[in-house]
Enquirer: 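This is the structure, below, for whatever I ask next.
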Amino acid sequence: MGKTLVIAEKPSVARDIANVIGATQKGDNCLIGEKYVVSWAIGHLVTLAEPEDYDIKYKTWSLDTLPMIPEQMQLKAITKTRAQLRTLHRLMHSKEIDDVICATDSGREGELIFRYIYEITKCKKPFCRLWISSMTKAAIQDGFAHLQDGKAYDLLYHSARSRAKADWLVGMNASRAYTLQYHTLLSIGRVQTPTLALIVDRQKEIDAFVPQTYYEVLADFGSFTGLWVDKKDNTKIMEQTQAEEIIKRTKGQNGVLTALEKEEKQQLPPLLYDLTELQRECNKKFGFSAKKTLDLVQGLYEKKKMVTYPRTDSRYLSDDMIVNIKQVLEKLAQSVDFAQEAKHVLAMPKLPLSKRILDNSKVTDHHAIIPTDVRIHTDHLSVDEKRVYFLIAGRFLSVFYPPYRYEVTKAYSQIGIDTFLSRGKVVLQEGWQAVEKKFAPPPKRKRTEEEAALPILLQGQSVTVKKAQMQTKQTKPPAYYTESTLLSAMEHAGRFVEDETLKEQMKDSGLGTPATRAAIIERLLSVGYLYREGKNLLPTEKGKKLIAIVPDALRSPETTGRWEKGLSSIAKGKMTEERFMESIGRYVQFLVTDAAQNKKEIVFEAEPIRKGTKGRKPKKNNRMGRCPLCQKGEVLENSKAYYCTEWKNGCKFTIWKDSVLSYGITLEPAKVKKLLQEKCLQNIALVLPQTKEHAIAELALTADHSGKIEIKNITRIERE
């Protein structure tokens with residue numbers, strides 16, 4: 001009787017599996033045991049063939065050869081990992097191997113990695129699927145005890161294959177079509193382009209925003225304060241003279257507290273983490289990029305065995321996990337860090353396992369991310385690994401705690417014809433929030449008046465306005481996207497769709513998947529469509545221009561949302577792969593036609609295509625305008641500054657790129673061009689370095705034309 005070949009996704013995972021199933025003897029890129037031979041991929045070993053692999057004519061980019069829609073899409077080995085593919089080919093065709101186990105990651109992409117290897121090696125041996133949600137010894141043993149027939153995952157493979165084909169067809173054809181028309185290398189993708197459109201649209205809203213000044217009147221009653229309100233509890237006063245009149249007629253005047261309203265409220269514990277929610281939290285609390293969070297939690301899963309499978313889109317557990325939940329709580333109770341909270345939960349007469357925790361209908365391939373039932377050692381984790389683990393463990397514990405309860409008080413004081421509203425908040429029960437605050441302290445922020453407790457007040461009591469003051473404020477522009485808010489927008493892309501029926505259908509479909517969103521953001525940054533400014537993500541000029549030239553169907557989340565729903569339907573057996581790919585073919589034809597027939601009057605910086613190559617070598621055109629100092633030279637850009645071409649002849653004009661960086665202002669080329677033309681830029685958003693207050697101001701070149709920049713007329717923006 002022969003052996004079984006086990007193929008893992010990575011060498012580290014292969015070693016862990018091999019240790020559990022007794023394959024400890026080293027072989028040629030494999031580990032050998034009595035019953036099993038364990039080998040591995042190194043991520044993707046196989047990919048879809050390049051256009052020129054189908055026909056040499058595609059090596060030269062030309063509109064005449066588009067669209068490229070192969071009748072049968074082919075596979076090819078990835079060059080740098082070809083040696084490992086040869087190892088797997090040898091093992092899969094070895095007479096010593098009777099069958100194969102697919103042990104790649106338990107998800108759509110992991111399935112594709114194995115199936116591509118199986119297909120390109122022309123393996124005909126039967127295979128089973130190992131499907132596990134953690135890398136602990138117990139989970140691996142249980143997985144091998146319950147192996148599934150590989151055919152049970154055929155629909156998942158068809159979905160994965162359709163996704164890969166669609167991305168190839170859209171990306172290859174659209175990128176070539178628009179690149180050729182606009183003479184600059186343009187990377188276009190099925191998911192990345194509508195994601196970029198979200199950021200460009202937000203930037204348009206911010207650019208078009210005109211701040212509006214308004215006023216509020218704050219009355220000091222001695223032991224508490226109140227804001228003037230109209231009949232609808234609105235505090236904003238649009239005319240300064242009105243605010244001054246209110247102060248004049250109420251200052252020093254007596255009145256009465258006419259109404260006292262108290263309302264008890266509560267917040268239930270949050271749901272457990274899926275990958276997207278974990279990435280959002282890590283970005284908000286620690287400033288981590290989505291990719292960094294994914295890398296950290298993947299390491300905690302693969303190497304440390306401390307958390308369950310991270311690339312999940314579920315925030316629930318299944319009913320059959322009750323025993324496992326108790327085992328995890330017991331391990332947490334034995335740790336120094338989590339003992340107090342875990343013992344409190346275990347001491348409950350019955351675990352509060354509501355539908356917010358256990359719900360089979362909301363668990364698909366994998367359940368929510370939770371700690372595993374291994375012995376917990378956090379002292380060997382890096383600082384950032386510890387932060388992520390504490391978030392996951394803290395959230396797991398907090399879901400068993402009672403709601404956060406608080407009382408909100410609204411007190412209305414009548415001073416003649418004017419009404420002032422005082423708000424207060426008293427925490428009645430910290431509940432789950434006490435756990436979350438301990439293991440993941442929230443970012444520091446100013447305490448608002450509404451969060452302060454009011455003194456004991458009685459309806460009908462007399463009040464006196466000891467002091468009244470006017471506060472000048474400004475309306476705020478829409479906030480820039482951060483990775484946290486962009487991940488939310490990508491996950492809930494259906495809300496950007498106007499069609500109500502489709503919006504409802506897209507509730508479960510977004511831009512990309514939890515496993516791919518980080519890579520999409522990084523891709524947009526790497527191709528020069530976005531840049532980071534602190535936590536904010538902003539579009540470059542090239543990114544803005546790209547969105548201006550592509551049709552609505554390519555930049556709309558509606559199109560991609562339909563596709564994601566289609567891919568999900570393929571995996572559930574509700575749509576055929578053939579039907580999905582037919583729609584992709586029609587869409588590709590539309591894109592090529594649009595690029596050829598609807599060229600916009602938009603000019604990109606020149607990046608000429610080099611014949612016979614796959615791409616272009618960017619040629620930077622960095623002339624900003626005439627030098628204001630010498631009036632002879634042109635202002636150019638280098639890595640550190642904007643300078644005059646007449647510098648050799650003594651011109652000292654220089655704008656240093658980091659000159660206003662401490663205010664959170666990035667001097668990108670478009671901003672400098674405009675500054676040279678207009679000498680002063682209005683409504684520039686900034687952050688005051690010492691107080692961290694948000695403000696808007698004017699950015700101007702100093703009168704000596706040296707290139708120094710001054711910030712004028714600063715107006716602070718009150719954060720509500």
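Because the structure is predicted, anything quoted here is derived from the model rather than measured. For the numbers below, each heavy atom of this structure counts, side chains included, while hydrogens, waters and symmetry mates do not.
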Enquirer: Would you say S175's side chain and I188's backbone share a donor-acceptor pair under 3.5 angstrom?
Expert: yes
Enquirer: About how many Å separate OG1 of T540 and NZ of K542, when rounded to the nearest 0.5 Å?
Expert: 8.0 Å
Enquirer: Walk me through whether K600 and Q181 qualify under side-chain contact (heavy atoms from CB on, under 4.5 Å).
Expert: CA-CA 10 Å; K600 310 287 196 308; Q181 276 289 52; over 6 Å; no
Enquirer: Looking only at heavy atoms, which two atoms of H44 and T81 are closest? And how far apart?
Expert: O-OG1, 4.0 Å
Enquirer: Run the numbers on T195 and L486 for side-chain contact (heavy atoms from CB on, under 4.5 Å), then give the verdict.
Expert: CA-CA 8 Å; T195 301; L486 181 59; 4.2 Å; yes
Enquirer: Considering all heavy atoms of both residues, which atom of I140 and which atom of L130 are nearest to each other, and what is their separation?
Expert: O-CD1, 4.5 Å
Enquirer: Is it true that the side chains of Y157 and E119 contain a donor and an acceptor less than 3.5 Å apart?
Expert: yes
Enquirer: Can you check salt bridge (charged side-chain N to carboxylate O under 4.0 Å, His left out) on R115 and E111, steps first, answer last?
Expert: CA-CA 6 Å; R115 296 294 187 110; E111 193 69 26; 3.0 Å; yes
Enquirer: Is a donor on one side and an acceptor on the other found under 3.5 Å between the side chain of T559 and the backbone of A553?
Expert: yes
Enquirer: Looking at D384 and R387, is any side-chain nitrogen of the basic one under 4.0 Å from a carboxylate oxygen of the acidic one?
Expert: yes
Enquirer: If you take the centroid of each ring, where Trp contributes its six-membered ring, are F114 and Y118 closer together than 6.0 Å?
Expert: yes
Enquirer: Which value, rounded to the nearest 0.5 Å, describes the distance between R202 atom CZ and L537 atom CG?
Expert: 11.5 Å
Enquirer: Any sub-3.5 Å donor-acceptor pair from Y273's side-chain atoms to S314's backbone N or O?
Expert: no
Enquirer: Any non-hydrogen side-chain atom of I570 less than 4.5 Å from a side-chain atom of F580?
Expert: yes
Enquirer: One pair to check against side-chain contact (heavy atoms from CB on, under 4.5 Å): L196 and L546. What are the steps and the verdict?
Expert: CA-CA 9 Å; L196 174 62; L546 173 66; 3.8 Å; yes
Enquirer: How long is the span from the CD1 atom in I17 to the CD1 atom in I132, to the nearest 0.5 Å?
Expert: 5.5 Å
Enquirer: Test V38 against I21 for side-chain contact (heavy atoms from CB on, under 4.5 Å), laying out the working first.
Expert: CA-CA 9 Å; V38 182; I21 61 177; 3.7 Å; yes
Enquirer: Report yes or no: is the cationic atom of K599 (NZ for Lys, CZ for Arg) under 6.0 Å from the centre of the six-membered ring of Y182, at an angle within 45° of the ring normal?
Expert: yes
Enquirer: Between R555 and D201, is a salt bridge (charged side-chain N to carboxylate O under 4.0 Å, His left out) present by the stated rule, with each step listed?
Expert: CA-CA 10 Å; R555 59 177 172 253; D201 289 345; over 6 Å; no
Enquirer: Roughly how far apart are K137 NZ and D142 CG, rounded to 0.5 Å?
Expert: 14.0 Å
Enquirer: Taking atom types as modelled, is there a side-chain donor on Y531 or E668 under 3.5 Å from an acceptor on the other?
Expert: yes
Enquirer: Quick check: does any side chain N or O of N283 sit under 3.5 Å from a backbone N or O of Q279, one acting as donor and the other as acceptor?
Expert: no
Enquirer: When you measure from the side chain of T372 to the backbone N and O of K305, does any donor-acceptor pair fall under 3.5 Å?
Expert: yes
Enquirer: Does R280 form a side-chain hydrogen bond (donor to acceptor under 3.5 Å, both in side chains) with S488? I'd like the steps, not just the answer.
Expert: CA-CA 8 Å; R280 280 197 292 256; S488 294; 3.1 Å; yes
Enquirer: Could you state the interatomic distance from NZ (K291) to CZ (R523), rounded to the nearest 0.5 Å?
Expert: 14.5 Å
Enquirer: Using a strict threshold of under 4.0 Å (side-chain N to carboxylate O), is an ion pair present between E483 and K535?
Expert: no
Enquirer: So, are D99 and K3 salt-bridged, with charged N and O less than 4.0 Å apart?
Expert: no
Enquirer: Between E577 and K165 (salt bridge meaning N to carboxylate O under 4.0 Å), is one present in this structure?
Expert: yes
Enquirer: Check whether any side-chain N or O of T193 sits under 3.5 Å from a backbone N or O of L554 as a donor-acceptor pair, and report yes or no.
Expert: no
Enquirer: Side chain to side chain contact (heavy atoms under 4.5 Å, CB included) with E385: which residues, sequence neighbours excluded?
Expert: L296, L300, K304, L381, S382
Enquirer: Check R532, R517, K292 against E522 for a salt bridge (Lys or Arg N to Asp or Glu O under 4.0 Å) and give me the one that passes.
Expert: R532
Enquirer: Run the numbers on N536 and T482 for side-chain hydrogen bond (donor to acceptor under 3.5 Å, both in side chains), then give the verdict.
Expert: CA-CA 5 Å; N536 296 332; T482 63; 6.0 Å; no
Enquirer: How about NZ on K125, more than 12 heavy atoms from neighbouring residues, nucleotides or ligands closer than 6.0 Å, or not?
Expert: yes
Enquirer: Check D167 with R190, please: is the shortest side-chain N to carboxylate O separation under 4.0 Å?
Expert: yes
Enquirer: Mark yes or no for whether N173, through its side chain, and V588, through its backbone, hold a donor-acceptor pair below 3.5 Å.
Expert: no
Enquirer: Return the minimal non-hydrogen interatomic distance between W168 and E50, and the atom names on each side.
Expert: CZ2-C, 4.3 Å
Enquirer: Just so I know, are the side chains of I101 and L5 near enough to count as touching, which here means a heavy-atom distance under 4.5 Å?
Expert: no
Enquirer: Test salt bridge (charged side-chain N to carboxylate O under 4.0 Å, His left out) on K544 and E541 and set out the steps.
Expert: CA-CA 5 Å; K544 292 177 192 175; E541 284 302 307; 3.3 Å; yes
Enquirer: Which is it for T516 and T513 under the side-chain hydrogen bond (donor to acceptor under 3.5 Å, both in side chains) test, yes or no, and what are the steps along the way?
Expert: CA-CA 5 Å; T516 61; T513 65; 3.2 Å; yes
Enquirer: Closest heavy-atom contact between H367 and T312?
Expert: O-OG1, 3.1 Å
Enquirer: Can you give each donor-acceptor pair under 3.5 Å made by side-chain atoms of residues 22-33, sequence neighbours left out, with the distance rounded to 0.1 Å?
Expert:
residue, atom, partner, partner atom, Å
D28, OD2, R90, NH2, 3.4
N29, ND2, Q84, OE1, 3.3
N29, ND2, T87, OG1, 3.4

Enquirer: Would you say R315's side chain and L272's backbone share a donor-acceptor pair under 3.5 angstrom?
Expert: yes
Enquirer: Does T121 offer a backbone N or O that forms a donor-acceptor pair with the side chain of H93 under 3.5 Å?
Expert: yes
Enquirer: Give me the atom names and distance for the closest heavy-atom approach of E52 to Y58.
Expert: N-CB, 3.9 Å
Enquirer: Would you please indicate if the ring centroids of Y36 and F144 are separated by under 6.0 Å?
Expert: yes
Enquirer: Is any NZ, NE, NH1 or NH2 atom of the basic residue among D53 and K76 found under 4.0 Å from an Asp or Glu carboxylate oxygen of the other?
Expert: yes
Enquirer: Passes salt bridge (charged side-chain N to carboxylate O under 4.0 Å, His left out), E558 versus R562? Steps please.
Expert: CA-CA 6 Å; E558 180 177 325; R562 287 180 188 271; 3.2 Å; yes
Enquirer: When rounded to the nearest 0.5 angstrom, what distance separates OG in S39 from CG in L91?
Expert: 5.5 Å
Enquirer: Would you call the rings of W131 and H366 parallel, tilted or perpendicular, taking 30° and 60° as the class edges?
Expert: parallel
Enquirer: Could you tell me which non-hydrogen atom of P67 sits nearest to which non-hydrogen atom of Q589, and how far apart they are?
Expert: CG-OE1, 3.4 Å
Enquirer: So does S187 get a backbone contact from the side chain of Y529, meaning a donor-acceptor N/O pair under 3.5 Å?
Expert: yes
